[in-house]
Amino acid sequence: GTTLAASATERGRYFGTAVAANKLSDSTYVGILNREFNMVTAENEMKMDATEPNQNQFSFSNGDRIVNHARNQGMRVRGHALAWHSQQPGWMQNMSGTALRNAMLNHITQVATYYKGKIYAWDVVNEAYADGSSGARRDSNLQRTGNDWIEAAFRAARAADPNAKLCYNDYNTDNWSHAKTQGVYRMVQDFKSRGVPIDCVGFQAHFNSGNPVPSNYHTTLQNFADLGVDVQITELDIEGSGSTQAQQYQGVVQACLAVSRCTGITVWGIRDSDSWRASGTPLLFDGSGNKKAAYNSVLSALNSG
Ligand code: G3I
């Protein structure tokens, strides 16, 4: 293939990007989006604060702009994210107990029902595990409603959109030897053994010098897949530049291609200037929309083998 999407499709995968609704009027941005990608994730527009700014008053206009653009272009959509400790609307941030649990479940039901049939996979729960050596859940208002909040979230999502794949999504879960990776692995193992509806695990894959692409990445992806879930790289970006960055991108693509249940890769933005990172050059296109060395190495990795 000559584009990321075409080459990924030849390998039975998709290639996606995060999209910001307010950039859909930028012709350079949209030109690259339409040419190179066949999966999109709303960067912010489908999160809790965006979709339920006031309790029980839902707002889907910006999410719809992204979903409609994707569907008109024949691209699929990853829904991001139904339940998260961060980017909660103000009204939710100080809630607790049964009221918060019910508000979360209502949010999941309403949003997943609204987008029913249009979503390939939902990030049902995002970033629920703690960093560091504990391997435990992260403290949050949602966690304090009871340890079963994650499975309750997955059951509500399944009831609302039975055909969407339901994923758990997190960062710093790439290195098999990290406690956080092990904690998420044990949760997925437990969910599968008890029949909690989970179909996939997303690895955000935000890499930098302190958190490099691990040499055991393939092992991590394969071990999760062996639990009976699909795996995806969901928010890929890699700090750095030039051939070093290009090689790291190539390693990520090769790790996914080596795991049959790794169904696709999404980068977290199009041009370096679109990145959430305040500085740096972590993406595949430069600020002018030119292909970088990292782009060429990703494309050639997709096309070899
Ligand atoms: O839209 C408002 C604008 O009206 C306001 O003037 C401006 C001033 O701060 O803020 C704008 O909102 C910002 C929003 O991005 C849109 O640009 C928020 O402050 C800012 O916090 C928000 O950052 C997003 C971040 O998630 C929030 O947690 C990033 O764009 C987004 O890339 C990032 O994405 C996350 C994933 O969802 C989960 N995994 C990690 C990843 C990177 O942090």
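Atoms within a ligand are numbered from 1 in the order they appear, just like the ligands themselves.
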Regarding Q232 and Y14, do their side chains bring together a donor and an acceptor under 3.5 Å, going by distance alone? no
With distance as the sole criterion, is a donor-acceptor pair present between the side chains of D237 and W276 under 3.5 Å? yes
Heavy atoms under 4.0 Å from ligand 1: which residues qualify? E43, N44, K47, H80, W84, Q87, N126, E127, Q204, H206, E235, W268, W276
Counting heavy atoms not belonging to N94, are there more than 12 under 6.0 Å from its CG?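 No, CG of N94 has 12 or fewer neighbouring heavy atoms, counting only those of other groups under 6.0 Å.
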Salt bridge (Lys or Arg N to Asp or Glu O under 4.0 Å) partners of D190, counting only residues at least two apart: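 Result, salt bridge (Lys or Arg N to Asp or Glu O under 4.0 Å) vs D190: R194.
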Can you tell me which residue pairs pass the salt bridge (charged side-chain N to carboxylate O under 4.0 Å, His left out) test with a partner in residues 87-112, sequence neighbours excluded?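 Pairs touching residues 87-112 that pass the test: R101-D148.
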Sorted by chain and number, sequence neighbours left out, ring-ring contact (aromatic ring centres under 6.0 Å, His included) with F203 holds for F224
